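Per chain, numbering begins at 1; letters A, B, ... match sequence-line order. It should be emphasised that the depicted structure is a prediction, and the values quoted were computed from it without experimental measurement.
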Amino acid sequence: MNSVAHLSWFARHEFRLAWREWLAMMTGGRRRRNRAVIGLLIFAAIMHLPAYAVVGRFADLRFPLDPSSLIVLTATIFLSWALILSQAIESVTRVFYARADLDLIMSSPVQLTNIFSVRIAAIALSVTSMALLLSTPFIDVLVILGGPRWLAGFGVVVAIGLSGAAAAIAITVFLFRLIGPSRTRLVAQIVSAIIGAGFVIALQIVAILSYGTLSRFAVLTSNTAARLAPAIDSIVWWPARAALGDIEVMLLLVAGGLMMLGVVMAAFAPRFADTVVSVAANPAAATRGRAHAFRSGSRQQALRWKEFLLLRRDPWLLSQSLMQMLYLVPPALMLWRSFSDSSTAIVLITPVIVMAAGQLAGGLAWLTISGEDAADLVATAPLPPSRVIRTKIEVVLIAITAVFTPLVVALAFASPPQAAVTAIAVLVATASAAAIQLWFRAQAKRSQFRRRQTSSRVATFAEAFCSIGWAATSALALTIPVAAIVSGVLTAAILFATWKISPKRT
Amino acid sequence: MTTERSALEVRGLTKRFDRPAVDALDLTVHVGEYYALLGPNGAGKTTTLRMVAGLLRPDAGSVSVFGIDALRDPVAAKQVVAWVSDEPMIYDKLTPLEYLEFVAGLWGVDSKVSETSAHDLLVSLGLEPHLNERCEGFSKGMRQKVALAGALVHDPRLIILDEPLTGLDALSARHVKGLLQDRVRAGCTVIMTTHILEVAERMADRIGVIAAGKLIAEGTLAELRQQNGRNDTSLEDMFIALVDTEAAAA
């Protein structure tokens, strides 16, 4: 086999692996390819409805736009790029650490630079494909309502996919060089979380500080932003121009993305191999703990202590919690501002807190209930299973209480009734998330946290709907109490239906 | 009927998955005995031991541990049993000492007692330099030793081990074998599955051979030889002959 044939053969192998990994993620590891494809098509079709609601009214936009619209469109494209970058950093890190086949590849008589070039290209392709998949309903709606010029949007998605993947590879390799393989995994996850959420949150913070609202559009559509915006022919507006149908600019952007990826492949493919070797040569540097006297206490206390220690030492959870904490920064700021001007916008804080509590509780509940690395040990311990479960749920409740109590207490100074509603809703959202994880528990390793959604799609959707439902109920309880009853009953019905269809246990 | 001589009595134990995994199995292990359970892959050894340890609910039959009905009162039975699986399940983010502290806490062992015994156990298994290192960087052999130390830290009366020597180097295997023999000498009962027939031949007081979920032979090495009418053969030859005969009969 010559080197070109070798490369194309390896590329096919990579794409097959990527396809199967994606399929496994969609089907939860079960062999239901047809159902997954049909499900995906139905999902894509349904996604056209929210896409219509979000972008339908913008279908008639044409270049040149007024500065505010141009800023909003550019910011949206930049946000998509940040999200793609965040996802790509995660993919690149996974390639470094998921070493299932690296020993085989690196011991084979092939040019490692070529092999890793293919792998980099595969990352770029999978990231771009995912971006295309998610953006298709939005672009479809724009094409149907505004004409084929919107098809250029696909080119913009490809350009930001390629450039996002290139930037992700450069950032991750740079991190490896800077802080070494043992710390990169955690730092990359945190960087990825911050990049993913940071842009939106930064806009919200500026909006709160300047305009007293949680809406990020307040900043983008402000006179200040319009005044500071560059001239209409600036390169900054190229992505927006391309999205609006400027084919020439769109082709330039795609070419730019390809060039970035090419440069990254040329510069980093050889280092990619070195980096992988250094990761392989430094398998998890030994982390030493401090010796301490054994604690005395009940069996449940031993279990609680173990759970808290593992949660504290869990890098996945750290990065996830950081995300939750980041999202809590804007409401906390809002709260702080409300003390000075008694703004009615403070009501918006409650659903944000409740939503964050539900999401965090779901993750924590999965880690404590399903993500038990020594399941046999706990199952053979002289402790009834019901008590084990109860203790694990207590851990979730204690953690959520510790995180959210300061916010609720601060809220109590501004509005005691709102604080009471928030506290109750946080508890209900936490209990719902924990209950769903309990009903759909499936033994797994904690390292599978990223894929916890794949074990049960029903549980994932139910958890999300309940979080949203309780958040909406809490907001309505503060504004339209009668509507809150309806919303609460509907959310409880979702929870009840989830329980009814959960697997029966003996 | 259960007697104090029996550490474990299994009667009519049955478990079906797609096919019968364990088929009305009867098994008795005496107090202070080192018992080796042998069998080809898929014979039902692990399923049997998982039911005894309380990890699987049998479809039928009874399990009695030191006279305690393990199906009716699993918590009391678990108090005196330790289970070590072939795939060591420990927490990557805990150190060996923290892991043993957790296990001792789960079994309700006094912290002063468990602290000393945890330290001694880990040292005797050659883990002294790693007492305060997180287990995430440990080799499979080291993880197996941590899991074994965890099983012994609460001083169980019955130790059930599924392939405990898999992945251990010669020195570590010797440590583990020595530790288990010490426990048996101290009155503890050990049940172990193994594919290393030499280990069973050298260490076990009695050997049971299981195939297709049924006990097809049982006894001391001498008794097994006598049953097979081959006084000069090795356990390996006898095992293969027994399994072949059973497969032919099936």
Side-chain angles (χ1 to χ4, degrees), chain A residues 97 181-182 185-186 282-318 367-368 371-388 391 443-447 505-506, chain B residues 50 52-57 73-85 87-116 118-119 129-139 147 150-151 154 156 160 162:
Chain A
Y97 286 98
S182 57
R185 193 174 202 177
L186 174 60
N282 296 285
T287 312
R288 295 191 75 85
R290 275 179 304 170
H292 61 79
F294 278 24
R295 293 163 188 79
S296 52
S298 68
R299 292 156 210 252
Q300 289 94 315
Q301 278 172 323
L303 201 54
R304 269 198 295 271
W305 169 78
K306 184 270 286 183
E307 293 297 344
F308 280 125
L309 198 61
L310 291 182
L311 288 177
R312 218 176 62 207
R313 292 179 180 174
D314 201 312
W316 273 113
L317 187 80
L318 269 181
L367 277 167
T368 54
E372 174 56 74
D373 283 348
D376 279 6
L377 173 75
V378 176
T380 54
L383 207 59
S386 58
R387 205 169 298 172
V388 172
T391 307
Q443 210 55 60
K445 291 270 176 199
R446 295 172 84 87
S447 55
R505 291 172 202 280
T506 50
Chain B
R50 287 182 74 82
V52 171
L55 291 165
L56 261 182
R57 186 108 196 137
D73 190 358
V75 172
K78 286 172 180 178
Q79 186 66 51
V80 292
V81 176
W83 159 259
V84 182
S85 110
E87 196 57 54
M89 286 179 149
I90 57 174
Y91 301 100
D92 284 350
K93 300 289 175 194
L94 296 189
T95 67
L97 270 178
E98 286 170 341
Y99 176 74
L100 264 62
E101 180 185 2
F102 169 58
V103 178
L106 272 186
W107 262 262
V109 183
D110 180 77
S111 60
K112 287 192 185 76
V113 176
S114 63
E115 188 168 357
T116 311
H119 191 272
H130 310 286
L131 292 181
N132 293 306
E133 273 173 27
R134 289 191 197 168
C135 298
E136 55 200 345
F138 284 11
S139 67
H154 56 88
I160 304 170
D162 191 14

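- With rounding to the nearest 0.5 Å, the separation of CG in B:L106 from CD in A:Q301 is 12.0 Å.
- Looking at A:L383, the atoms closer than 4.5 Å to chain B (heavy atoms on both sides) sit in the backbone and in the side chain alike.
- Heavy-atom pairs under 4.5 Å with chain A were tallied for B:H154, B:M89, B:E115; the largest tally goes to B:E115.
- When heavy atoms are compared at a cutoff of 4.5 Å, B:S114 approaches chain A by way of both its backbone and its side chain.
- Annotation: the span from B:F102 atom CZ to A:L377 atom CG amounts to 6.0 Å, rounded to 0.5 Å.
- Considering all non-hydrogen atoms of both residues, A:R295 and B:S111 come closest at O-CB, 3.4 Å.
- Put simply, CD1 on B:I160 and OG1 on A:T380 are 9.0 Å apart, with the number rounded to the nearest 0.5 Å.
- Neither the backbone nor the side chain of B:V84 comes within contact range of chain A; no heavy atoms are under 4.5 Å apart.
- Counting heavy atoms from C-beta on, the side chains of A:K306 and B:L94 come closer than 4.5 Å.
- For a residue to count as touching a neighbouring chain, one of its non-hydrogen atoms must lie under 4.5 Å from one of that chain's; by this rule B:Y99 touches chain A with the side chain only.
- Judged by distance alone, the side chain of B:K78 and the main-chain N or O of A:A379 form a donor-acceptor pair under 3.5 Å.
- Contact count against chain B (heavy-atom pairs under 4.5 Å) is highest for A:A293 among A:G297, A:S298, A:P384, A:A293.
- Residues A:R313 and B:R134 meet the side-chain proximity criterion, which asks for heavy atoms closer than 4.5 Å.
- In this structure, B:R50 pairs ionically with A:D376, as a charged nitrogen and a carboxylate oxygen lie closer than 4.0 Å.
- Inter-residue side-chain proximity for A:F294 and B:L97 is flagged as met; some heavy-atom pair is nearer than 4.5 Å.
- Contact count against chain A (heavy-atom pairs under 4.5 Å) is highest for B:G108 among B:A147, B:G108, B:A118, B:A82.
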